[in-house]
Every structure is written in structure tokens, then in C-alpha cells.
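Encoded as C-alpha cells, the structure appears first; notes follow it.
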Amino acid sequence: MKDNVFYADRLIRIIADALSGYAPDLAGLDADDLMNIINFSVKHKVHGLIVYALKDMASLPPEVCDRVNSLKNMIVASEIMHINKNREFKLLVGALEEARISYHVMKGYAIAKKYPAPEFRLMVDIDVFVLMQDFQRSTEVFEALGYEKQEEYEKSFCHLGYFKSGAYFLEQHFSLGYENFIGPRKMNIWYDEIVENRVRRELEGTEYTAMGDNDEFIFLFIHLKNHLLGMCGNLKMLVEFGIILKAGGLDFDYINKHLDLLELRTIASPILYLCRKYFGVTIPGFEGDDGKETAEKLLSDVALLNDHRLVHEGVPSYMFLPIVRHKISKPLVYLQEILRNLIVYKRGWKDSVDRAFRVCGIFYGRFDLLYDIGAI
């Protein structure tokens with residue numbers, strides 16, 4: 001029986017072949033398989049790369065060609081909307097710089113330049129990191145431009161969200177969400193280096209300040225770890241490690257030093273094993289098979305994560321991480337999750353208990369993976 005893991009594996013192989021300049025290997029895949037892989041790519045936000053990989057459609061079944069063409073139309077429509085959104089982003093950057101606010105753009109907008117073409121990377125939001133001393137002033141800048149703070153982000157441990165019609169959704173980061181793992185001292189060392197290493201970039205006519213390539217690559221390990229704890233994520237997060245490595249230009253000595261400083265080797269090992277397996281790239285010190293077993297768990301877990309998201313809202317794990325670390329009994333973990341639903345989300349008793357048992361059941365089913373990658 002072909003499951004999510006099968007489709008995840010073939011999807012990444014098809015993308016990796018195309019990015020390496022080869023014709024994708026479609027052997028053993030019938031029309032139904034290809035349709036499932038394409039639909040899976042949409043679910044995991046890499047359909048732009050599938051369109052790129054399947055650009056030579058001469059040998060594809062007609063229904064598959066139609067589906068690829070529909071995705072091409074989606075990308076074109078998205079690009080038309082991005083014209084105005086990029087104009088809004090340019091105004092945002094200009095306002096931050098006029099106010100002399102220290103900021104840098106992270107993740108998608110910066111990573112898009114490493115894709116075969118920026119339009120192949122799905123863009124729905126902009127991630128802007130602002131130093132705490134400028135946080136309040138940056139909020140005033142956003143609101144003056146017409147961005148409205150979204151209440152559901154008020155409880156976030158690392159960022160706030162802002163909506164403005166016709167603009168990218170804006171995430172205002174005030175933390176990289178990792179201090180709880182290793183403490184503020186080590187993070188402050190890295191924060192200082194991030195600021196020192198920031199660079200100026202340009203995308204589609206807009207100049208902005210961005211996190212440097214090496215720091216961006218390091219941050220993506222933290223970003224994935226946070227998403228795995230929150231039981232949300234997608235294959236795009238794994239694929240982008242391979243895309244960045246294939247683009248080159250990284251300082252491996254700097255990266256290895258900071259993987260040690262930030263205690264990220266346990267999650268880097270399986271991810272870089274997957275990069276070597278699918279994309280033929282890794283970094284020095286990760287050439288062996290040490291992460292193979294965990295990598296298989298990781299791929300399986302990420303392939304299923306979008307289904308897990310249906311059972312809860314918000315991040316279930318952060319409140320009870322200290323309890324898990326100290327190996328206090330499971331009932332206390334369940335109790336804290338019930339209380340979180342009652343107090344934070346103001347749900348009724350029955351709904352809170354039901355959600356707590358579903359979420360914690362999934363969490364404990366994933367406990368071994370989270371332990372293996374150093375998330376708990």
C-alpha cells in the first residue's frame with residue numbers, strides 16, 4: 001500500500017532530480033500516483049517546485065498535464081498579486097529604515113532567491129525580526145501603515161501577526177523561540193553575531209536588510225524544531241535545506257561552530273543525512289550514517305504533520321516541556337493541557353478534556369522522535 005511516506009519520498013526525489021539538472025525519475029509511477037504526488041506537493045507547499053520539475057510534459061498522461069497547467073495558472077495569479085504585495089513590502093522597509101529601527105527579514109522572502117526562480121517559492125507572509133529595544137516603535141510603524149494586530153498571535157512565545165489587505169501577512173518576531181532550550185546567554189552571543197553579519201539584499205526591486213546566509217541556515221534548524229514541537233510543518237522545510245546547500249556559498253566552519261554553541265547537532269544530523277540522500281550535499285562532519293534512523297522517523301513524521309494539525313489549535317508542548325524533561329508522570333502533562341484549554345482558550349470541560357487526550361496522545365506517540373532530535 002502506498003502511503004504518505006511513499007509519496008513524500010518520491011516527491012523529494014523528483015524535486016532533487018530537477019534541481020540537479022536531471023530529468024525526474026518517474027519509473028513505476030502511474031497517472032494516479034503522479035496525481036497523488038502533485039496533490040501532496042500542494043499540501044506541503046512545494047507545488048512550485050513540482051511545476052518546475054515537470055516542465056517537460058510530453059510523456060505525462062493528459063490528466064496530469066492538466067493538473068500541472070492548473071498549478072502554473074495558480075503561480076501566475078499569485079505573481080500578479082505579489083506585484084502589489086511587494087509594493088507594500090517596499091513601503092514597510094522604507095518606514096522601518098526611516099525610523100532607524102534595527103530589523104532583518106528572515107525565511108521565505110530571503111530564501112526565494114535560492115530557488116530556480118523566486119516565483120516557485122510559495123509566499124504568504126513576511127517574517128521581520130526586530131530587536132527588543134525597537135519592538136514598540138516597530139509596532140507603531142506597522143500600525144501607522146495600516147497593519148492590524150491579530151489577536152490569535154497575542155499568546156505566541158516568539159512573534160506577533162499583522163494583517164493588511166493587499167499586503168503580505170506580517171509576522172513581527174521578537175525572539176527566535178529557542179531561549180527555553182539553551183538559556184539566554186548562548187542565544188545573546190548568537191544574536192550579536194546575527195546583527196553583525198546582516199546583509200543587504202534585493203528581490204524584485206526592493207532592497208532590504210536580511211539575516212546572513214550562514215545564520216539563516218542555522219536558524220532553519222531551530223525553526224523546524226519549533227514546528228515539530230508544535231505538531232505543524234511541511235516537507236518544504238526539509239527540501240529548503242537541500243536547496244540552500246546546493247546554492248553554495250556557506251561558511252561550514254562558522255555553521256559547525258554554532259551547531260555546537262546552540263546544541264543543534266541532534267537535529268542537524270538527520271536533516272543533513274536527508275540532504276545527502278536526496279540532494280547529494282551535506283556539510284563537513286555529517287558525512288556518515290549517524291542520523292539515518294532518526295531521519296527515517298523525521299521524514300515519516302513530517303509527511304503526516306498536516307493531518308496532526310487537525311486535532312488542536314496552538315502549540316501543545318511548551319507548557320509541559322519542563323515536566324517531560326524531569327520525567328514526572330504523564331497525568332500531570334495531561335492535566336496541564338486540560339488547564340491550558342480551559343484557561344487560555346476558554347473552552348468547556350468536555351471539549352478541553354477531549355482535546356487534551358487527542359493532542360497528548362499524538363505527542364507521546366512522537367516522543368521518541370522529539371527526544372532524538374533534542375527537542376525535549
Side-chain angles (χ1 to χ4, degrees), residues 8-9 12 15-16 19 44 106-108 110-111 114 158 175-183 185-187 189-191 193-194 197 211-303 305 317 321 325 366-376:
D9 173 77
I12 298 175
I15 291 171
L19 293 177
H44 285 270
M106 307 188 303
K107 295 168 30 186
I111 295 172
K114 300 184 184 299
C158 65
S175 164
L176 295 181
Y178 198 56
E179 286 82 354
N180 289 342
F181 289 99
I182 61 172
R185 185 184 65 82
K186 291 181 178 180
M187 284 300 291
I189 293 172
W190 188 39
Y191 277 135
E193 293 178 303
I194 288 173
N197 296 335
M211 187 182 275
D213 285 345
N214 298 306
D215 293 312
E216 183 79 58
F217 187 72
I218 294 163
F219 169 67
L220 290 180
F221 291 109
I222 294 173
H223 182 235
L224 179 58
K225 181 181 282 193
N226 287 337
H227 273 264
L228 290 172
L229 275 168
M231 292 194 290
C232 56
N234 50 60
L235 290 175
K236 179 184 70 178
M237 294 178 175
L238 295 179
V239 168
E240 287 188 336
F241 284 99
I243 290 174
I244 293 171
L245 281 172
K246 287 187 77 68
L250 297 176
D251 182 340
F252 295 139
D253 290 337
Y254 180 90
I255 290 171
N256 269 305
K257 172 187 170 185
H258 286 77
L259 292 179
D260 288 331
L261 172 70
L262 302 172
E263 302 173 21
L264 289 169
R265 285 193 172 273
T266 50
I267 188 169
S269 182
I271 291 171
L272 292 170
Y273 173 84
L274 292 174
C275 287
R276 187 161 57 85
K277 174 181 177 180
Y278 290 107
F279 295 92
V281 289
T282 187
I283 69 174
F286 292 89
E287 297 91 349
D289 291 343
D290 291 345
K292 181 178 179 180
E293 183 177 348
T294 305
E296 292 170 354
K297 293 181 190 175
L298 178 61
L299 182 61
S300 175
D301 193 71
V302 173
L305 272 178
S317 51
L321 272 178
R325 282 200 193 100
R366 304 171 64 240
F367 189 90
D368 286 345
L369 171 65
L370 297 176
Y371 181 82
D372 289 344
I373 64 171
I376 55 176

Rounded at 0.5 Å granularity, tell me how far [atom1] in [X] sits from [atom2] in [Y].
X: Tyr278; Y: Leu238; atom1: OH; atom2: CG; value: 9.5 Å
X: Tyr254; Y: Asp215; atom1: OH; atom2: CG; value: 3.5 Å
X: Leu245; Y: Ile255; atom1: CG; atom2: CD1; value: 7.5 Å
X: Leu369; Y: Leu299; atom1: CG; atom2: CG; value: 11.0 Å
X: Asn214; Y: Asp251; atom1: CG; atom2: CG; value: 5.0 Å
X: Ile267; Y: Ile271; atom1: CD1; atom2: CD1; value: 4.5 Å

Task: Pairs satisfying salt bridge (Lys or Arg N to Asp or Glu O under 4.0 Å), at least one member in residues 272-282, at least two apart - done: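 Those involving residues 272-282 are Arg276-Asp289.
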
Which heavy-atom pair separates [X] from [Y] by the least distance, and what is that distance?
X: Cys275; Y: Gly242; answer: SG-N, 3.7 Å
X: Leu261; Y: Ile189; answer: CD2-CG2, 4.2 Å
X: Leu176; Y: Ile222; answer: O-CG2, 3.5 Å
X: Glu216; Y: Ala110; answer: OE1-CB, 4.1 Å
X: Leu264; Y: Lys225; answer: CD2-NZ, 4.2 Å

- [ ] For a side chain to side chain contact (heavy atoms under 4.5 Å, CB included) with Phe221, tell me which candidate from Thr266, Leu259, Ile373, Asn226 qualifies.
- [x]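 When side chain to side chain contact (heavy atoms under 4.5 Å, CB included) is applied between Phe221 and each of Thr266, Leu259, Ile373, Asn226, only Leu259 qualifies.
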
Is the shortest side-chain heavy-atom distance between [X] and [Y] below 4.5 Å?
X: Trp190; Y: Phe219; result: yes
X: Asn256; Y: Phe286; result: yes
X: Met237; Y: Leu220; result: no
X: Ile111; Y: Met106; result: no

For [X], enumerate each residue passing the side chain to side chain contact (heavy atoms under 4.5 Å, CB included) test, keeping only those at least two apart in sequence or located in another chain.
X: Ile182; value: Tyr178, Lys186, Met187, Leu262, Glu263
X: Ala295; value: Pro270, Tyr273, Leu274
X: Asp213; value: Lys114, Arg201, Leu250

Open item on the list: Can you list everything that forms a salt bridge (charged side-chain N to carboxylate O under 4.0 Å, His left out) with Asp290? Sequence neighbours excluded, please.
Closed with: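 Salt bridge (charged side-chain N to carboxylate O under 4.0 Å, His left out) list for Asp290, sorted by chain: empty.
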
Task: Contacts of type salt bridge (charged side-chain N to carboxylate O under 4.0 Å, His left out), residue Lys297, not counting sequence neighbours - done: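 Listed in chain order: Asp372.
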
TODO: Would you confirm whether Glu296, through its side chain, and Thr294, through its main-chain N or O, come within 3.5 Å as a donor-acceptor pair?
DONE: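 Not at all, since once roles are kept as given, no pair shorter than 3.5 Å links the two residues.
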
Open item on the list: Would you say that more than 12 heavy atoms from the other residues, nucleotides or ligands in this model lie under 6.0 Å from the CD of Glu293, or not?
Closed with: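 Result for CD/Glu293: open.
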
